[in-house]
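What follows is a set of notes on a single structure, which appears directly below.
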Amino acid sequence: MTIIQDTDDATEYVLLDLYQPPTAHRAEFTTALDNVINKVATLIPQFGLRNPRISRPDTLLYEFCTADEWVASFWCGQLWLAHSITGQEQFKNSATMRNPYFKNILEHPEWHDHDLGFLFSLSSVAQYKLTGDPTARATSIRAAELLAARWRQPLPFVMCWNPMKRDEPEFAQRKVGTLNIDSVQGMALLLWAAEETGQSSFADIAHMHLDSCRTQLLRDDFSSYHCREFDTKTGLPLEGYTHQGYSDESCWSRGHSWMIHGFAQSYLTTRDQIYRETSAKMADYIADKLPEDGVPYWDYNLPDGYKPYRDTSAAAVTAAGLYALAQGFGPGTESEKYTALADKMLLGLVKHYDITANPGSQGLIDQGAAFVEAGRANNMLPYGDYYYMEALMRSVGHTEFFW
Ligand code: GLY
């Protein structure tokens with residue numbers, strides 16, 4: 001079944017609004033995207049109303065989310081992407097069947113954290129962008145309000161993690177005062193809400209948060225910390241550290257990818273040059289640190305032989321971000337350079353980690369690393385799948401996403 005539409009057909013294919021250099025691998029990526037869409041279609045009846053969380057150990061089968069998990073929207077996002085390309089009702093129906101799940105999250109403030117961005121960009125914002133549904137619009141704006149309301153002066157960011165009743169007081173305070181790199185992606189929801197409502201406070205909060213990420217999570221060489229702690233009384237920065245990476249001073253691959261993608265996307269939305277420059281410098285940092293096949297290990301500073309797991313999710317997020325970055329540069333050597341780097345990473349995924357042809361697999365790529373030191377490596381991950389699909393779409397010229 002060939003369902004990818006011809007780029008000449010403007011009614012079926014989103015035309016580029018910015019220059020994007022052509023990929024050197026159009027045929028391979030078109031075929032891979034075709035396979036991905038077919039795979040997503042076959043998984044609809046297998047998943048039903050369930051949302052994949054992470055693969056069960058040593059299998060290509062997924063465990064599924066409970067009622068409040070940050071990864072719950074990535075399957076929904078794949079369904080909306082498939083609908084955006086094919087127009088097929090099956091994808092839309094399966095995505096909208098999940099609306100009660102996301103409505104329930106909105107109604108539980110105790111579950112809310114910075115992941116409201118992931119959760120609602122890929123569900124209600126996607127639905128609104130593709131269908132114009134007014135309820136989806138209202139849900140998205142409410143999610144943005146709840147995310148913006150997490151700003152706690154004098155801290156210069158939207159609170160990422162929540163203190164819990166079970167936490168020791170000192171730990172609870174540390175959580176309130178910690179900025180993490182994963183939160184970058186959530187700012188797209190605020191930037192979208194600012195454009196949609198004309199209410200500039202959404203954008204003001206997003207810019208404050210992005211500036212804090214840029215100034216506080218990056219080192220001089222443009223490697224990244226996962227987190228930085230702040231004094232909750234003064235709002236002043238304290239130590240940086242790397243919770244999900246190899247060590248405090250190392251560079252966790254997926255964390256780095258969130259920021260490459262998030263800053264490239266923020267540039268496309270706002271045209272603020274500092275976001276493009278930041279994403280580009282972070283991309284330059286990794287360019288000579290990739291293995292031969294283009295797919296990074298879980299940390300860019302891993303000592304030789306130490307838990308040598310790949311993180312295909314980091315590759316997928318980075319590749320999607322690099323295509324966005326390339327799009328953000330006008331014609332010239334910069335965009336060609338970032339397209340070539342994206343091509344290298346995406347081709348590695350297509351050739352060595354794509355499992356769509358395996359009829360027993362419930363995911364698109366294997367060998368993701370959720371959190372190696374917590375024992376979660378060599379998995380299928382729903383965010384790896386989602387960003388793999390987004391990267392393939394960007395590689396062949398799609399420019400409309402839900403960020
Ligand atoms: N918590 C977000 C991540 O693992 O990337």
Side-chain angles (χ1 to χ4, degrees), residues 51-55 62-63 65-66 68-75 77 105 111-122 147 150 157-162 164 174-175 178-189 209 213 217 223-229 240-248 250-265 282 286 295-300 302 307 309-321 345 363 365 367-388 390-391 403:
N51 297 307
R53 173 208 280 150
I54 188 170
S55 58
Y62 268 121
E63 286 175 3
C65 292
T66 57
D68 66 330
E69 302 221 25
W70 77 275
V71 299
S73 62
F74 292 107
W75 170 244
I105 290 181
W111 295 345
H112 298 169
D113 58 22
H114 71 91
D115 294 318
L116 285 167
F118 285 120
L119 288 166
F120 289 90
S121 289
L122 297 183
L147 182 59
R150 295 177 61 78
F157 53 87
V158 168
M159 185 169 69
C160 297
W161 288 323
N162 297 338
M164 303 288 192
R174 279 190 72 189
K175 279 162 100 180
T178 296
L179 172 66
N180 72 31
I181 202 165
D182 334 18
S183 65
V184 170
Q185 295 288 95
M187 296 306 108
L189 179 63
H209 190 99
C213 291
L217 297 179
S223 65
S224 51
Y225 284 110
H226 180 182
C227 300
R228 184 173 292 279
E229 208 181 322
Y241 64 96
T242 302
H243 181 57
Q244 279 173 249
Y246 166 67
S247 73
D248 283 344
S250 71
C251 183
W252 172 43
S253 305
R254 192 170 57 259
H256 204 74
S257 75
W258 292 136
M259 199 155 157
I260 288 176
H261 186 293
F263 272 66
Q265 184 58 50
M282 293 181 73
I286 66 164
V295 173
Y297 293 95
W298 58 284
D299 193 293
Y300 284 112
L302 212 53
K307 299 187 181 179
Y309 294 108
R310 300 302 177 107
D311 185 6
T312 53
S313 72
V317 178
T318 305
M345 300 181 86
I365 50 176
Q367 297 195 42
F371 191 170
V372 172
E373 297 294 14
R376 297 197 294 276
N378 198 14
N379 286 107
M380 302 187 304
L381 299 169
Y383 37 100
D385 292 345
Y386 169 82
Y387 283 94
Y388 180 50
E390 183 182 307
W403 310 112

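In listed order, ligands and their atoms are each counted from 1. We're numbering straight along the sequence, starting at 1. Since the model is a prediction, treat every value here as computed from it, not as a measurement.
Relative ring orientation between His209 and Phe157 is described as perpendicular, the plane-to-plane angle rising above 60° on a 0-90° scale split at 30° and 60°.
In this model, no donor atom of one side chain and acceptor atom of the other lie less than 3.5 Å apart for Asp68 and His112.
Evaluation of the ring-ring contact (aromatic ring centres under 6.0 Å, His included) rule for Trp70 yields Phe74, Phe118, Tyr383 as partners, not counting sequence neighbours. Not a single ring-ring contact (aromatic ring centres under 6.0 Å, His included) links Tyr297 to another residue, sequence neighbours left out. Shown here are the side-chain hydrogen bond (donor to acceptor under 3.5 Å, both in side chains) partners of Trp403, two or more places apart in sequence or in another chain: Glu390.
The 12-atom threshold is not exceeded at OH of Tyr309, counting heavy atoms of other residues, nucleotides or ligands nearer than 6.0 Å.
Protein residues are said to neighbour a ligand when one of their heavy atoms lies under 4.0 Å from it; for ligand 1 these are Trp70, Asp182, Gln244, Trp252, Arg254, Trp258.
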